[in-house]
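Below is one structure; the comments refer to it alone.
Atoms within each ligand, like the ligands themselves, are counted from 1 in listed order. For the numbers below, each heavy atom of this structure counts, side chains included, while hydrogens, waters and symmetry mates do not. From a predicted model like this one, the values you see are computed outputs, not experimental measurements.
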Amino acid sequence: MNVLVVGGAGYIGSHCVRQLQAAGHKAVVMDSLVYGHRKAVSPETPFYDCDMADRPALLEILKKEQIELVMHFAAFAYVGESMSDPLKYYDNNVAKPLSLLQTMREAGVTKFVFSSSCTVLGEEAEPPFTEAMPLRPISAYGQTKADVEVILEYCAKAYGMSAAIFRYFNASGANEAGDIGEDHDPETHLIPIAIQCALGQRKQMYVFGDDYPTPDGTCLRDYVHVDDLSRAHIAAFPKLEEEGVLLKYNLGTGTPASVLEIIKTVEDVSGLPVPYELGPRRSGDVPAAYADSKKAKEELGWEPQYPTIRSIIETAWKWHKAHPKGYDDRD
Ligand code: UDP
């Protein structure tokens, strides 16, 4: 299949490109490089520095590369920023994908894969989260993801577009080869922050709250390897042959880990201390979020190849240790 990966120079997109290539598909990358890294895409991969809302340029790419399916990873994903600047998020995460879908229609491309997030589910949802739960996001970011999910439902019904929606839990880890990985600026995620502390790049970190109703008082999350996420997306391709199909899958290992467990595992894997202090809760954090991924397992035959937090952190550690400055350290 000829696949256009929008946001293919970002963290999850770049891993998906490698998995597509390993599975024998042709991956074409389009990325505006606002947050993406050119070095995350191999020189042999067709690459377009282009905004998804540039309709004439996108139309030409879709035609020239004979694209059959579009995967969309180019969302902004800072929850806090989405609350202080919601219009930025509605523009990039709703208006631009809308333009992308319109251009796809113009080009006659009918298959779409959308990276959504467990944040579309509300605060009151009880884990494990299933696909049947209603959309009740509590942040502008989560709302933009939910909006695109709903738009896709209408497009599937009205135009026969086939779409697969994947709701990620905590995407983590790096590819086995160790040449691509997580590199966000600013970095807000737990695993890279703990690793940066182990490497001495940060003096210490804060654990955001230890008074949650969880076994050790810190938040429980479902950390899932980026390559496992990518494999689930590709496993859905045959189902997208059916016109008008709309698929939704939650992707997580289903086994949550606490903040303190993550810190301890980073210490074990690195053999180095992670200095931390207990701090106040971070606004918007729910005590526990983890997936029920039974549907993806049953319908796609998906099984995480990195089922434990240790196996995930080992790959992240390898990447960060070899590239302490992220892509700035890569040839
Ligand atoms: N967290 C923390 N200290 C940090 C960063 C994150 O205690 O410096 C906690 C955060 O409160 C949450 C968990 O780690 O409970 C995972 O946070 P992350 O931002 O990685 O992902 P999220 O679950 O928010 O998408």
Check your understanding: Which bit of T188 gets closer than 4.0 Å to ligand 1, counting heavy atoms only: side chain, backbone, both or neither?
Key -> backbone

Practice item. Among all protein heavy atoms, pick out the one at the shortest distance from atom 9 (C) of ligand 1; state its residue, atom name and that distance to 0.1 Å. Key: V259 CG2, 3.8 Å

Revision key, fill the gap. Closest to atom 16 (C) of ligand 1 (heavy atoms only, candidates Y276, Y168, Y206, Y223) is Y223

Review point. What residue and heavy atom of the protein are closest to atom 11 (O) of ligand 1, and at what distance?
Key: D285 OD2, 2.5 Å

Revision key, fill the gap. min-distance protein heavy atom vs atom 4 (C) of ligand 1 -> F208 CE1, 3.3 Å

**Study point:** Part of F169 within contact of ligand 1 (heavy atoms, under 4.0 Å)
**Key:** neither

Check your understanding: Which option out of L190, D210, N170 puts a heavy atom nearest to atom 14 (O) of ligand 1?
Key -> L190

Practice item. If the plane angle is over 60° it's perpendicular, under 30° parallel, otherwise tilted; pick one for Y89 and Y141. Key: perpendicular

Exercise for review: Over 60° means perpendicular and under 30° means parallel, so classify the ring planes of F166 and H233, tilted if in between.
Suggested key: parallel

Point to revise | atom 15 (O) of ligand 1 [closest protein heavy-atom partner, distance rounded to 0.1 Å] | key: C219 CB, 3.0 Å

Exercise for review: Mind telling me whether Y306 and H225 have parallel, tilted or perpendicular rings, with 30° and 60° as the class edges?
Suggested key: parallel

Review point. Taking the six-membered ring of Y159 as reference, does the NZ or CZ atom of R105 fall below 6.0 Å from its centre and within a 45° cone about the axis?
Key: yes

Exercise for review: Apply salt bridge (Lys or Arg N to Asp or Glu O under 4.0 Å) to E106 and R55, showing your working.
Suggested key: CA-CA 10 Å; E106 200 179 334; R55 291 187 62 169; 3.0 Å; yes

Review point. In terms of side-chain heavy atoms, does T315 have a donor or acceptor partner in N175 at a distance below 3.5 Å?
Key: no

Practice item. Have a look at R221, M205, R282 and point out the one with the heavy atom closest to atom 18 (P) of ligand 1. Key: R282

